[in-house]
S.K.: 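Got a structure here, written out as structure tokens. Questions coming.
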Amino acid sequence: MKIIETVAEFRQEWANLKELESLSLGLVPTMGFLHEGHISLVKKSVSQNDVTAATIFVNPTQFGENEDFEDYPRDMKSDLDFLDCEGVDIVFVPSLEEMYPEGFETSINVGSIATRLEGKYRPGHFSGVATVVCKLLSICRPDRAYFGQKDAQQCAVIMALNRDLCLGSEIVVGETIRSSDGLALSSRNSYLSDSEREKALSLSSGLFAARKLWRSGENASDRLRSVVLNEILSGNSEVPVEIDYVSVADKNTFMEIDRIEEAGNAIILVAAKIGTTRLIDNVALV
Ligand code: PAF
């Protein structure tokens, strides 16, 4: 596995590989502190492409002022071991200066989809994500790029970005990977104490209960939202919980839906702070 730190080196390496034969490239962009969710994307890429590259870059522009950029968990050695074991060919680990050299002022405005839900609670977040992903796709020019469904709105933003700016990659969305008790895997789960982790399970159990109710014939969104809210707010946990939103939304526009008329078009999303850790999760209504 080759570890590369600069754009020029990455381009040279990929040009050398491609020179010998026509090869497809899969890209798995990450912020590191890898878990099974990332690894499932890597496995998908390795199985679908001749060459797989992963990136590890904790992108400051997608963090708000009072968010956890400084504290975001990092473990480069273990990440590189993980990626090597999975058969990744190239890892791009740019420095801050490489990605945002002096004079860098460009940012991408992804439009209305980025103003809802996560965009509303994390102003500027999607602009930061879109800018860095656009840059990574432009540097690496992958045939396919892989993102996880846990960040459903991020996936929609990246698809819009890729379509609107003709970036030319296929965007592949991998399923949310959960631990056996249902908690969606996230690098931020490492912040949770035992009691907070216990409380965090109410996010997925609330979503599963709402999906079950929908499957039994309930299509009024407010009833489904209530199920999730009740699940999160019930119980005697000492752990403070702050819910940002429980949303039943169109899976492409992320606009609220009152009634779910058609299977496959809606998604239930939740964002909440469990203690001081902000978590998101979602389930598609299928
Ligand atoms: O999902 C993430 O880890 C990040 O938002 C991404 C896509 C790597 C951009 O920094």
Side-chain angles (χ1 to χ4, degrees), residues 4 7 10 26-42 44-45 52-64 67-76 78-80 82-83 88 90-96 98-100 104 106-110 113-114 117-119 121-140 142 144-162 165 167 169-177 184-191 254 269 271 277-282:
I4 286 179
V7 173
F10 185 95
L27 183 74
V28 186
T30 83
M31 297 205 300
F33 211 69
L34 305 179
H35 51 66
E36 287 302 321
H38 297 109
I39 298 308
S40 79
L41 298 178
V42 166
K44 217 183 242 293
S45 175
T52 289
T55 70
I56 301 176
F57 178 66
V58 184
N59 173 38
T61 65
Q62 68 188 76
F63 289 79
E67 294 185 356
D68 55 343
F69 172 66
E70 295 296 341
D71 298 332
Y72 195 81
R74 291 160 170 90
D75 190 342
M76 188 58 85
S78 141
D79 288 348
L80 294 176
F82 242 142
L83 295 173
V88 166
I90 309 174
V91 191
F92 182 46
V93 283
S95 64
L96 207 54
E98 185 70 11
M99 289 301 277
Y100 297 113
F104 188 104
T106 303
S107 72
I108 294 184
N109 174 349
V110 267
I113 188 176
L117 302 176
E118 283 303 281
Y121 285 90
R122 303 183 69 189
H125 169 65
F126 284 129
S127 176
V129 169
T131 305
V132 81
V133 170
C134 183
K135 186 149 180 164
L136 292 170
L137 294 182
S138 308
I139 295 165
C140 305
R144 300 181 187 85
Y146 296 80
F147 301 89
Q149 169 68 18
K150 185 182 74 69
D151 298 296
Q153 198 178 356
Q154 167 172 283
C155 291
V157 164
I158 291 169
M159 282 180 175
L161 167 80
N162 184 56
L165 300 186
L167 296 178
S169 298
E170 181 190 341
I171 304 299
V172 183
V173 177
E175 63 177 330
T176 301
I177 304 296
L185 297 192
S186 160
S187 304
R188 290 189 169 99
N189 291 350
S190 64
Y191 299 143
F254 289 81
L269 307 107
T277 304
R278 188 173 184 281
L279 299 176
I280 59 173
D281 197 357
N282 68 79

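Counting starts at 1 for both ligands and their atoms, following the listed order. The figures here come from the full heavy-atom set of this structure, side chains too, leaving out hydrogens, waters and symmetry mates.
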S.K.: Taking only heavy atoms of Thr30 into account, list the atoms of ligand 1 that are under 4.0 Å away from them.
M.R.: 8 (C)
S.K.: Can you sort out which atoms of ligand 1 are near Gln62, meaning under 4.0 Å from one of its heavy atoms?
M.R.: 4 (C), 5 (O), 9 (C), 10 (O)
S.K.: State, yes or no, whether a side-chain contact exists between Gln154 and Glu118 at a heavy-atom distance under 4.5 Å.
M.R.: no
S.K.: Report the nearest protein non-hydrogen atom to atom 3 (O) of ligand 1: residue, atom name, distance rounded to 0.1 Å.
M.R.: Met31 CG, 3.7 Å
S.K.: Identify the heavy atoms of Ala271 and Arg278 that sit nearest to each other, and give their distance.
M.R.: CB-NH2, 3.5 Å
S.K.: Which atoms of ligand 1 sit under 4.0 Å from any heavy atom of Val132?
M.R.: 9 (C), 10 (O)
S.K.: May I ask you to test the Thr30-Phe147 pair for a side-chain heavy-atom distance under 4.5 Å?
M.R.: no
S.K.: Suppose we call two aromatic rings close when their centres sit under 6.0 Å apart. Are Tyr72 and Phe63 close by that rule?
M.R.: yes
S.K.: Which of parallel (below 30°), tilted (30 to 60°) and perpendicular (above 60°) describes His38 and His35?
M.R.: tilted
S.K.: What is the nearest protein non-hydrogen atom to atom 1 (O) of ligand 1, stated with its residue, atom name and distance?
M.R.: Gln154 NE2, 2.8 Å
